[in-house]
A.B. asks: 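I'd like to ask some things about the structure below.
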Amino acid sequence: MRGWASRIFLCLCAAQGLLDGTAARPQEGSYSLYEQPGRMVSLPEGNRLSLYCAGTGKPTVVLEAGFGGGAYATWHELQPRLAKFTRVCSYDRAGYGFSELGTDLPRDIQHDVNDLHDLLKASDEPGPYVLVGHSDGGHIIGAYSDAYPREAAALVFLDAAVLIDKEQIAGPAEKPFPGMQKYYDEQLNRIRECLRRAEQSSASLEARPGDYCLDSRELVGLPKRMAKALAAIAARPDNWRAFLSEAEQHYLVDDPSWEASLLPHRWESLPIQVFTASVASLDDEHSAAAYGLSPADHAAIAEARAGRKRWEELQSRICELSRRCEAHLIPTAEHQVQNAVPHQVAGAIRKLVVEFRR
């Protein structure tokens, strides 16, 4: 899933989710944690990451975002709910949000896992942790639990990508078909343009409708402080350098060797919760909107549907690795499944916390 099928679904992420408007509008107060830098924690690389923690109690729940790495969009619904019954921390990966990038490159999974470990150690947030990963964050929490097994109390995968075994990446890498390769190239060029604009800007970027760098439509309904923070973040060159590096790792490099070197997983007795957005068959019009494709490109739409099917099938295999695993199929077209059913996800995590305390 860190290969071709994952890249297809990353196109979905770039298209702002499977379908707009499937999750309820969040309450205004749920963004307050992310409207300013969190606790700035220094890493050995010399850069500082913005850590957002709330609540008290053990175990600490650690939230790992997917492609794009920022905390606010992924966790504004879930984190406030978790903070009511335990300690919970999210963060902006290097370069994203309010975090510094420095020389912390490339933004590949090895850097992600090492940064998370260094962050938790430097912040004095004690483990073991309930590790929660959304989308590509599933790779990160899976590899983290393999690299540091004593620090993982439980795993929660939220419509997540995960490397199940080495057979998954055996054989030659699949090349994307021409239409999808064109899409990757367009995405990289858009990110490079945003980087150019940020480097030339001395203040926050001006939001405009449909602007890839800062779409004014995405600011509608946000608290003023959060909207202002996003404008400032969009003007940070580090934000786009990190995004470009991460996108290049997915679209161009696609090297799973470090992650595969940690296999096999040792999750037999580890409590695991898996939430999958179970997407019903969509017509071409809605599928095109979901995957960011042209409605006329039927071949690309068909390939995207096939990629989504493989994505869901791989998630279903996670429970083969643990005798303490529960799977939840959520009938939603919202990739951010934790925003679609936050109470249900929070309830499952609460169950893990209670079991740990017992």
Side-chain angles (χ1 to χ4, degrees), residues 30 33 38-39 51-65 71 74-91 113 116-135 137-160 162 164 262-277 315-330 336-358:
S30 61
L33 193 63
R39 178 185 169 194
L51 179 66
Y52 309 95
C53 294
T56 60
K58 294 182 179 180
T60 296
V61 178
V62 175
L63 305 175
E64 184 65 60
T74 310
W75 307 121
H76 63 265
E77 285 281 2
L78 185 61
Q79 186 164 2
R81 289 172 168 83
L82 301 181
K84 294 178 180 179
F85 58 82
T86 197
R87 182 75 165 167
V88 54
C89 296
S90 62
Y91 72 107
V113 170
L116 178 56
H117 183 255
D118 291 338
L119 172 67
L120 294 173
K121 183 178 180 180
S123 65
D124 291 324
E125 294 289 343
Y129 313 99
V130 176
L131 300 170
V132 182
H134 169 252
S135 193
H139 279 296
I140 298 172
I141 67 166
Y144 190 99
S145 69
D146 292 336
Y148 306 101
R150 294 188 178 184
E151 296 185 19
L155 300 176
V156 181
F157 295 95
L158 302 175
D159 210 35
V162 63
I164 299 293
L262 301 173
L263 296 175
H265 299 302
R266 299 177 292 279
W267 297 347
E268 293 84 358
S269 60
L270 193 64
I272 297 177
Q273 295 280 333
V274 181
F275 283 82
T276 301
Q315 288 184 73
S316 70
R317 293 185 56 199
I318 296 174
C319 279
E320 298 174 5
L321 304 175
S322 171
R323 60 178 181 271
R324 302 173 66 186
C325 181
E326 294 183 3
H328 310 266
L329 291 176
I330 307 301
Q336 303 250 17
V337 66
Q338 69 279 5
N339 292 344
V341 289
H343 289 291
Q344 187 171 343
V345 175
I349 295 175
R350 185 186 184 100
K351 179 180 178 181
L352 296 174
V353 168
V354 170
E355 289 177 354
F356 176 87
R357 291 172 179 172
R358 286 174 179 169

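Throughout, numbering of the chain's residues begins at 1 and tracks the sequence.
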A.B. asks: Using 30° and 60° as the class boundaries, would you call the ring planes of Y148 and H117 parallel, tilted or perpendicular?
C.D. replies: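 If you compare the ring of Y148 with that of H117, the planes turn out parallel.
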A.B. asks: Checking side-chain contact (heavy atoms from CB on, under 4.5 Å) between Q315 and each of V162, L329, D159, I164, which is the one that passes?
C.D. replies: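 It is D159, the one option of V162, L329, D159, I164 that forms the side-chain contact (heavy atoms from CB on, under 4.5 Å) with Q315.
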A.B. asks: Quick one: does any side-chain atom of R87 pair with a main-chain N or O of G57 as donor and acceptor, under 3.5 Å?
C.D. replies: no
A.B. asks: Specify the closest pair of heavy atoms between L51 and S90, including all atoms of both residues, with the distance to one decimal.
C.D. replies: CD1-O, 3.4 Å
A.B. asks: Under a plain distance cut-off of 3.5 Å, with no hydrogens placed, do H265 and D146 share a side-chain donor-acceptor pair?
C.D. replies: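 Yes - a donor-acceptor pair under 3.5 Å links their side chains.
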A.B. asks: Evaluate the side-chain proximity of Q344 to F275: yes if any heavy-atom separation is below 4.5 Å, no if none is.
C.D. replies: yes
A.B. asks: Search all heavy atoms of A152 against all heavy atoms of L270 and return the closest pair with its distance.
C.D. replies: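 Shortest heavy-atom contact: O-CD1, 3.4 Å.
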A.B. asks: Working to the nearest 0.5 angstrom, can you tell me the gap between S30 OG and E77 CD?
C.D. replies: 5.5 Å
A.B. asks: Are T276 and S316 close enough that some pair of their side-chain heavy atoms sits under 4.5 Å apart?
C.D. replies: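 The answer is no; the side chains never approach within 4.5 Å.
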A.B. asks: Taking all non-hydrogen atoms of both residues into account, name the closest pair between Q336 and Q338 and its distance.
C.D. replies: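 Heavy atoms of Q336 and Q338 come nearest at OE1-NE2, 2.8 Å.
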A.B. asks: Supply the atom-to-atom distance Y129 OH to L63 CG, rounded to the nearest 0.5 angstrom.
C.D. replies: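 Rounded to the nearest 0.5 Å, the OH-CG separation comes to 13.0 Å.
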A.B. asks: Any side-chain heavy-atom pair from Y91 and E64 closer than 4.5 angstrom?
C.D. replies: yes
A.B. asks: Considering all heavy atoms of both residues, which atom of P128 and which atom of F356 are nearest to each other, and what is their separation?
C.D. replies: CG-CE1, 3.7 Å
A.B. asks: Going from CG on L155 to CG on L321, what distance comes out if it is rounded to the nearest 0.5 angstrom?
C.D. replies: 10.0 Å
A.B. asks: Please give me the minimum heavy-atom distance between A83 and A54, naming the atom from each residue.
C.D. replies: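 In terms of heavy atoms, the two residues are closest at CB-CB, 3.8 Å.
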A.B. asks: Applying side chain to side chain contact (heavy atoms under 4.5 Å, CB included) to E268 and R266, what does each step give before you reach the verdict?
C.D. replies: CA-CA 6 Å; E268 293 84 358; R266 299 177 292 279; 4.2 Å; yes
A.B. asks: Give the C-alpha distance, both sets of side-chain angles, the deciding distance and a yes or no for side chain to side chain contact (heavy atoms under 4.5 Å, CB included) between I349 and L78.
C.D. replies: CA-CA 10 Å; I349 295 175; L78 185 61; 4.2 Å; yes
A.B. asks: Does L33 reach the side chain of W75, with side-chain heavy atoms less than 4.5 Å apart?
C.D. replies: no
A.B. asks: Give the C-alpha distance, both sets of side-chain angles, the deciding distance and a yes or no for side chain to side chain contact (heavy atoms under 4.5 Å, CB included) between C319 and E326.
C.D. replies: CA-CA 7 Å; C319 279; E326 294 183 3; 5.8 Å; no
A.B. asks: Verify, without hydrogens or angle tests, whether E355 (side chain) and P271 (backbone) share a donor-acceptor contact under 3.5 angstrom.
C.D. replies: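 Such a contact is absent between E355 side chain and P271 backbone.
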A.B. asks: Is a donor on one side and an acceptor on the other found under 3.5 Å between the side chain of S322 and the backbone of R324?
C.D. replies: yes
A.B. asks: To the nearest 0.5 Å, what is the distance between NZ on K84 and CZ on R350?
C.D. replies: 10.0 Å
A.B. asks: Considering all heavy atoms of both residues, which atom of T74 and which atom of A65 are nearest to each other, and what is their separation?
C.D. replies: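 In terms of heavy atoms, the two residues are closest at OG1-CB, 3.8 Å.
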A.B. asks: If you draw a 6.0 Å radius around CZ in R357, do more than 12 non-hydrogen atoms from other residues or ligands fall strictly inside?
C.D. replies: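 Count over threshold, so yes.
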A.B. asks: Checking side chain to side chain contact (heavy atoms under 4.5 Å, CB included) for the pair V62/L116: CA distance, chi angles, key distance, verdict?
C.D. replies: CA-CA 10 Å; V62 175; L116 178 56; 4.0 Å; yes
A.B. asks: Say you draw a straight line from CG of L352 to OG1 of T86; how long is it, rounded to the nearest 0.5 Å?
C.D. replies: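 Taking CG in L352 and OG1 in T86, the distance rounds to 11.0 Å.
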A.B. asks: Could you grab the distance from atom CG of D118 to atom OG of S123, nearest 0.5 Å is fine?
C.D. replies: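 Between D118 CG and S123 OG, I get 10.5 Å after rounding to 0.5 Å.
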